[in-house]
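To start, I am sharing the structure in question, which I have written as structure tokens.
Atoms within each ligand, like the ligands themselves, are counted from 1 in listed order.
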Amino acid sequence: MDQLLPAPTVIADDQMDDPAYGDCDCACPQAQHIPAAAPSPTARLEPHPQLRALRLDDEHSVAFVPSHSRVAVLDRPARALIARLADAVPLADLPPAEAAAAGRMAALGLLRERGAPDARPPAPDQLVVWLHVTNACNLRCTYCYLEKTDEAMSEATAHAAVDAALRSAVANGYRRVLMKYAGGEASLNLPLVALAHRYALGEAAARDIALDGVVLSNGVGLTSRRLAIINDLGLRLMISLDGPAAYHDAQRPTVRGQPSHAAAAASALRAQAMGLALNLSITVTGQSVAGLPDLVAWALDHNLRFALNFYRENDCSASRADLLLDEQRLIAGIRAAYAVIEERLPPYSLLGCLVDRANLGAAHERACAAGENYLVIDHHGQIASCQMAISSPVTTTAAADPLRQIRLDPRGVQNIPVDQKEGCRDCEWRYWCAGGCAVATFRATGRYDVRSPSCNIYKALYPDVVRLEGLRLLSRHLAAVAA
Ligand code: SF4
Ligand code: SF4
């Protein structure tokens with residue numbers, strides 16, 4: 001009878017390790033996926049006890065184990081196979097097509113060897129360095145946390161910053177470093193970005209460290225000449241764009257109170273035409289959430305990648321009640337954006353870009369790198385654990401190992417592993433969510449060791465994201481089959 005069954009189909013994304021996948025406006029979690037070892041022919045596989053499935057259509061469901069597996073689309077025969085494996089059929093007794101499908105589902109983490117424990121999330125293998133190349137900015141965004149001045153980083157400080165970062169990378173065993181050139185507005189000091197990155201490339205190569213870099217910009221001053229410099233340096237680019245013109249301009253006016261949307265959007269399109277690896281960073285506030293569907297439609301229509309970040313209140317923005325996020329309004333606004341995405345499913349994974357700091361693409365213990373594998377180096381060479389704590393540095397570039405000082409600091413941002421957060425420990429989403437931004441949690445609760453104030457929003461949206469990713473995988477699969 002088994003030979004007469006149609007072959008099971010398992011559809012998953014094998015492209016998720018693209019470095020641009022995780023670019024964000026701060027120290028994003030890494031999407032580091034460690035595939036499970038192939039099961040032996042004598043293995044008895046079982047469905048993971050937390051395996052869940054959401055219906056996509058009459059034939060297909062999206063299957064996942066929250067926090068642990070990859071997300072995959074299964075057809076009816078694949079689901080029937082899982083049901084049979086619940087009866088402990090040895091892998092060797094399955095027909096070849098079913099054994100292959102079962103092996104693939106085991107590699108994705110949907111099945112496991114009977115009784116096997118879940119693996120712990122891997123430790124991040126990359127040091128992230130925020131280089132605050134200038135404290136100046138040509139915009140005055142309503143939610144900015146920075147006390148801006150006209151000061152810029154000097155060449156000597158840039159060299160010292162790169163040296164300090166690489167010292168810490170070597171001392172702490174990191175073979176990969178990501179430089180984030182930021183400010184202020186990084187493009188206002190682009191010659192220093194070029195100098196720092198060329199120096200970093202040479203020094204990293206001498207230490208056998210792989211160096212990667214991205215420029216974070218508001219996009220307003222990115223002339224074709226500046227974009228060409230960024231491109232020639234091999235850097236990626238992230239531009240902040242918060243809505244269609246009316247919403248973006250209300251939230252991100254220039255220093256003279258003028259609109260900035262047209263210039264930022266034009267820069268994004270110029271960068272894309274030039275072939276730059278580009279991500280849009282979209283900060284969602286109470287002020288802008290209503291414009292989110294139109295912005296997302298524009299981005300997808302232009303094949304631009306984007307990531308959604310939630311507004312984080314800070315001392316500079318605290319008087320702006322209009323920025324605050326009402327839970328139900330935020331969820332409704334984001335779901336409206338998801339409906340737009342469903343009509344325009346992109347070629348890239350949606351798992352790491354649709355809910356604030358969460359990454360549903362790979363397990364991780366911390367929501368970001370702050371306090372652990374992150375150095376924020378300001379224009380004077382002082383080093384903080386997070387850019388939102390840049391005015392409270394912990395150490396300087398003169399330290400032998402600045403990362404060690406950051407990790408040992410008991411006063412600054414404490415980025416607690418999710419297993420140690422009250423309310424998160426038993427949450428099924430914990431290794432995809434990791435409990436949210438530590439700074440936002442502390443501001444809202446006075447504690448670092450509790451779940452995020454955005455928890456209800458996260459839990460409402462995570463299943464929607466998994467379903468959208470399932471629809472995306474399915475539509476690409478069906479298009480490939482038809483072609
Ligand atoms: S913040 Fe909420 S959704 Fe995230 S891990 Fe904690 S309990 Fe789960
Ligand atoms: S603590 Fe929050 S603001 Fe700071 S790097 Fe992490 S996610 Fe970003």
Have H159 and Y199 got a donor and an acceptor in their side chains that come within less than 3.5 Å?
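Note: H159 and Y199 side chains miss the donor-acceptor criterion.
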Is the shortest side-chain N to carboxylate O distance from D212 to R176 below 4.0 Å?
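Between R176 and D212 there is no salt bridge, as every charged N stays at least 4.0 Å from the carboxylate O atoms.
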Would you call R112-E46 a salt bridge at under 4.0 Å N-O?
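Looking at R112 and E46, the cut-off is met.
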For a distance under 2.8 Å, give residue and atom name for each protein N, O or S atom next to atom 6 (Fe) of ligand 1.
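Near atom 6 (Fe) of ligand 1, the protein supplies C424 SG.
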Derivation and outcome, salt bridge (Lys or Arg N to Asp or Glu O under 4.0 Å), residues R425 and D449:
CA-CA 10 Å; R425 270 177 217 117; D449 61 344; over 6 Å; no
Looking just at side-chain N and O atoms, do Y311 and D242 make a donor-acceptor pair shorter than 3.5 Å?
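The answer is no; no qualifying pair exists.
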Using a strict threshold of under 4.0 Å (side-chain N to carboxylate O), is an ion pair present between E365 and R430?
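No salt bridge links R430 with E365.
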Distance filter under 2.8 Å, centred on atom 6 (Fe) of ligand 2 - protein N, O or S atoms that pass it:
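The answer is C368 SG.
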Hey, is CZ on R175 packed in by over 12 heavy atoms from elsewhere, all under 6.0 Å?
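For R175, atom CZ is crowded (more than 12 foreign heavy atoms under 6.0 Å).
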Tell me whether the rings of W130 and Y374 are parallel (<30°), tilted (30 to 60°) or perpendicular (>60°).
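If you compare the ring of W130 with that of Y374, the planes turn out perpendicular.
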Under a plain distance cut-off of 3.5 Å, with no hydrogens placed, do D150 and N135 share a side-chain donor-acceptor pair?
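Short answer, no.
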Answer yes when E422 and R447 have at least one side-chain N-carboxylate O distance shorter than 4.0 Å, and no when they do not.
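Salt bridge present between E422 and R447.
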Please report which non-hydrogen protein atom sits nearest to atom 3 (S) of ligand 1, along with the residue it belongs to and the distance in Å to one decimal place.
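Heavy-atom neighbour on the protein nearest atom 3 (S) of ligand 1: K459 CG, 3.7 Å.
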